[in-house]
Peer 1: 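Sharing a structure below in structure tokens format, with a few things to ask.
One-based numbering, in listed order, for ligands and for the atoms of each. All values below were derived from every heavy atom in this structure, side-chain atoms included, with hydrogens, water molecules and symmetry-related copies excluded. By convention here, the first residue in the shown sequence is residue 1.
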Amino acid sequence: MKLPNMLNAAQRKAKANYIYENRINQKIFSGKKYYIRTYGCQMNVHDTEEIKGLLESVGFTESKNINKNDLIILNTCAIRENAHNKVFGFLGHLKHLKKNNPSLIIGLCGCMAQEESIAKYIKEKHPYIDIVFGTHNISELPKMLEEYDGKQNINVDSKEGDVIEFDNLYKRDSNITAWVNIMYGCDKFCTYCIVPYTRGKQRSRKLKDILKEVTELKNAGYKEITLLGQNVNAYGKDLEEKLGFSNLLEEVSKTGMERIRFVTSHPWDFTDEMIEVISKYENIMPYIHLPVQSGSNRILKLMNRKYTNEEYFTLFNKIKTKIKNVSITTDIIVGFPGETEADFEKTLNLVKKCEFDGAFTFIFSARENTPASKMKDNLSLEEKNNRLQKLNKLINTYSKEYNLKILGTIQKVLVTSISEKDNNKVAGYTENMKLVNIDAPITTIGKIINVEINDAKSFSLDGVIKK
Ligand code: 5AD
Ligand code: SF4
């Protein structure tokens, strides 16, 4: 069965069926090995789970070793320039591997592959990359491999299609915690961000499909799910059904899944109903990642974030007072074009007011075709680095304070693995999403246990099981 390259919604359905039939009937790549490397956010990590599922459905087996493979895939990120650099740095090594093993197929996918200029650049400068597929073309991978004829094939749709349901065709990294996509793309167009261009407009999954997946995960013994989207609070705005994130959360909570999390939240779409639902249901974890990006109203406006410093702080306080034991973390960008010392001071002041439990901090990076990349950026890299260090120092004092505050307390921890720090210990996450290394038997993996916190390190906690 040959499928055309330009696909409308009906053809996409046919394509999904094609993959599904292949999965059941044939293992055309039996005996072949693949290796995949993932860069970037949770969305990419989950896309990789889908890619692995697709590949194994047609007979591939996964290899954890970069050498001696039939297929190597890089699932790339484009959010900041250093994400690009990491990929380009690694391509040299792949070129070398291909020289020694000419039948090796090299694939590149993810957000970087979706960027306009990259496809052209790969065509001209990296001919040894065999297949390139964009974020809207993941489901076509088995077909691309089946039809690969030795010529570079770049398959990057500029337009996103309908949401396709894959009947849980994922090879998940864990059998305890799972990612569940609730939406794809983003309509917010923050001026610095490349995501609306690489992932397309917002498309929400149907409630019934999400609930089906969560129920299947629960029945399979999963203990925790994380609802995934670039802006989860805008869930449903593109659906015909009158339905929002608060409705979705409530329904997901009623499935009885033991722990429910969600990322990422946009302050502008965070409603009182959402706060109410989170505070009402015990299986919705009291942890909210709420990116603020800047404390200066002038910069927030230039970023198109749609809220002010004061509005953010009001929402922050509402969440803190209404949700018991909630932990809030954030994202902050320093050195946005035109950011003055006074603007930066406003960011520091907001951090001092909020005392975030943790934060991811970034230096602004100009991304292709985004409005911010065309704004005047006079600040030296040295000054940007100084600001970042100052901000990190402040943030660290608050995350340490959080750790000290819970020293000696009993925390409920979902144990997920053996500890990376000490093989005689296990590791897991508190309800507030803090990593704990625990003195407890290996049989606790997959269980929620009470842990007494007895030491606080910079990025993790230590504890002992409390019977
Ligand atoms: N430069 C620096 N940081 C960025 N982020 C997104 N785009 C950029 C950019 N161009 C940060 C934001 C976002 C997080 C995922 O990455 O803080 O919340
Ligand atoms: Fe990017 Fe803004 Fe959308 Fe987040 S909300 S993905 S920062 S455009």
Side-chain angles (χ1 to χ4, degrees), residues 39-47 76-86 110-112 114-115 135 160 181-204 226-235 237-238 245 262-270 288-296 299-307 312 315 328-339 343-344 347 350-351 354 356 358-375 377 379 381 384-385 387-388 391-392 395:
Y39 300 84
C41 67
Q42 296 99 331
M43 197 66 79
N44 263 20
V45 170
H46 190 40
D47 280 354
T76 64
C77 168
I79 198 97
R80 283 168 294 274
E81 199 178 347
N82 56 3
H84 266 196
N85 295 344
K86 276 188 208 157
C111 283
M112 198 174 138
Q114 194 72 47
E115 279 178 85
T135 55
E160 61 288 306
N181 260 328
I182 63 166
M183 67 208 296
Y184 303 90
C186 181
D187 286 345
K188 275 286 173 289
F189 287 94
C190 301
T191 56
Y192 50 82
C193 185
I194 200 166
V195 169
Y197 307 91
T198 59
R199 295 231 168 228
K201 68 174 167 46
Q202 175 176 321
R203 290 101 66 213
S204 299
T226 302
L227 305 175
L228 209 55
Q230 303 292 348
N231 173 14
V232 288
N233 314 79
Y235 171 79
K237 289 193 171 176
D238 55 311
F245 186 56
F262 51 90
V263 277
T264 290
S265 295
H266 191 300
W268 195 76
D269 291 302
F270 218 116
I288 295 169
H289 185 60
L290 194 68
V292 63
Q293 312 297 2
S294 169
S296 152
I299 297 293
L300 285 170
K301 195 146 198 254
L302 286 172
M303 287 177 163
N304 191 28
R305 287 293 290 181
K306 303 178 197 294
Y307 54 81
Y312 182 92
L315 173 67
I328 302 180
T329 56
T330 199
D331 288 346
I332 297 170
I333 297 175
V334 301
F336 186 84
E339 184 190 73
D343 291 317
F344 177 60
T347 299
L350 185 64
V351 170
C354 294
F356 292 107
F360 297 99
T361 56
F362 312 99
I363 288 181
F364 168 76
S365 170
R367 309 315 296 133
E368 183 178 274
N369 291 334
T370 58
S373 69
K374 289 160 198 142
M375 295 178 192
D377 180 10
L379 210 62
L381 186 60
K384 287 178 188 171
N385 269 319
R387 286 185 190 173
L388 185 72
L391 177 63
N392 285 343
I395 302 260

Peer 1: With heavy atoms only and a cut-off of under 4.0 Å, state how Tyr192 meets ligand 1: side chain, backbone, both or neither.
Peer 2: both

Peer 1: May I have the step-by-step check of side-chain contact (heavy atoms from CB on, under 4.5 Å) for Ser294 and Met303, ending in yes or no?
Peer 2: CA-CA 9 Å; Ser294 169; Met303 287 177 163; 4.2 Å; yes

Peer 1: Suppose I only count heavy atoms of Arg367 and a 4.0 Å limit; which atoms of ligand 1 are within that range?
Peer 2: 10 (N)

Peer 1: For atom 1 (N) of ligand 1, find the nearest protein heavy atom and state the residue, atom name and distance (0.1 Å precision).
Peer 2: Ser365 N, 2.9 Å

Peer 1: Taking the six-membered ring where the residue is Trp, are the ring centres of Phe189 and Tyr197 under 6.0 Å apart?
Peer 2: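 Ring centres of Tyr197 and Phe189 closer than 6.0 Å.
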
Peer 1: Using non-hydrogen atoms of the residue, decide whether Ile363 is closer than 4.0 angstrom to ligand 1.
Peer 2: yes

Peer 1: I need the nearest protein heavy-atom contact for atom 7 (S) of ligand 2: residue, atom name and distance, please.
Peer 2: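 Here the closest protein heavy atom is Tyr192 OH, 3.4 Å.
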
Peer 1: Aromatic contact between Phe245 and Phe270, with the criterion being ring centroids under 6.0 Å apart: yes or no?
Peer 2: no

Peer 1: Might you confirm whether atom NZ of Lys384 has over 12 heavy atoms from other residues, nucleotides or ligands at distances under 6.0 Å?
Peer 2: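 It does: Lys384 NZ has more than 12 such atoms within range.
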
Peer 1: Give me the nearest non-hydrogen protein atom to atom 17 (O) of ligand 1 as residue plus atom name, then the distance to 0.1 Å.
Peer 2: Gln293 OE1, 2.7 Å

Peer 1: Kindly assign one of parallel, tilted or perpendicular to the pair Tyr312 and Tyr307, based on the angle between their ring planes and the thresholds 30° and 60°.
Peer 2: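 Rings of Tyr312 and Tyr307: tilted, as their planes differ by 30° to 60°.
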
Peer 1: Is any side-chain heavy atom of Ile332 closer than 4.5 Å to a side-chain heavy atom of Ile395?
Peer 2: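 Yes; the side chains approach each other to less than 4.5 Å.
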
Peer 1: What residue and heavy atom of the protein are closest to atom 3 (N) of ligand 1, and at what distance?
Peer 2: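 Answer, as residue, atom name and distance: Arg80 NH1, 3.4 Å.
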
Peer 1: Which ligand 1 atoms does Ile333 reach within 4.0 Å, using its non-hydrogen atoms?
Peer 2: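 Those qualifying, in numeric order: 3 (N), 4 (C), 5 (N), 12 (C), 17 (O).
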
Peer 1: Tell me whether Glu81 at atom CD has more than 12 heavy atoms from other residues, nucleotides or ligands lying less than 6.0 Å away.
Peer 2: no

Peer 1: Could you grab the protein N, O or S atoms closer than 2.8 Å to atom 3 (Fe) of ligand 2 for me?
Peer 2: Cys186 SG

Peer 1: Is it the case that atom NZ in Lys301 sees more than 12 heavy atoms from other parts of the structure closer than 6.0 Å?
Peer 2: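 Atom NZ in Lys301 is not crowded, with 12 or fewer foreign heavy atoms closer than 6.0 Å.
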
Peer 1: Tell me which one of Asp331, Thr330, Thr264 satisfies side chain to side chain donor-acceptor pair (under 3.5 Å) with His289.
Peer 2: Asp331

Peer 1: When you look for heavy atoms under 4.0 Å from ligand 2, do you find them on the side chain of Arg305, its backbone, both, or neither?
Peer 2: side chain

Peer 1: Do Tyr192 and Arg305 have side chains that get closer than 4.5 Å, going by heavy atoms?
Peer 2: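 Answer yes - side chains close enough.
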
Peer 1: Please identify which atoms of ligand 1 are closer than 4.0 Å to at least one heavy atom of Phe364.
Peer 2: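 Here the atoms of ligand 1 in question are 1 (N), 2 (C).
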
Peer 1: For a side chain to side chain donor-acceptor pair (under 3.5 Å) with Lys237, tell me which candidate from Asp187, Asp269, Asn231 qualifies.
Peer 2: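 Exactly one pass, corresponding to Asp269.
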
Peer 1: Among all protein heavy atoms, pick the one closest to atom 15 (C) of ligand 1 and tell me residue, atom and distance.
Peer 2: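 I find the closest protein heavy atom is Asp331 OD2, 3.8 Å.
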
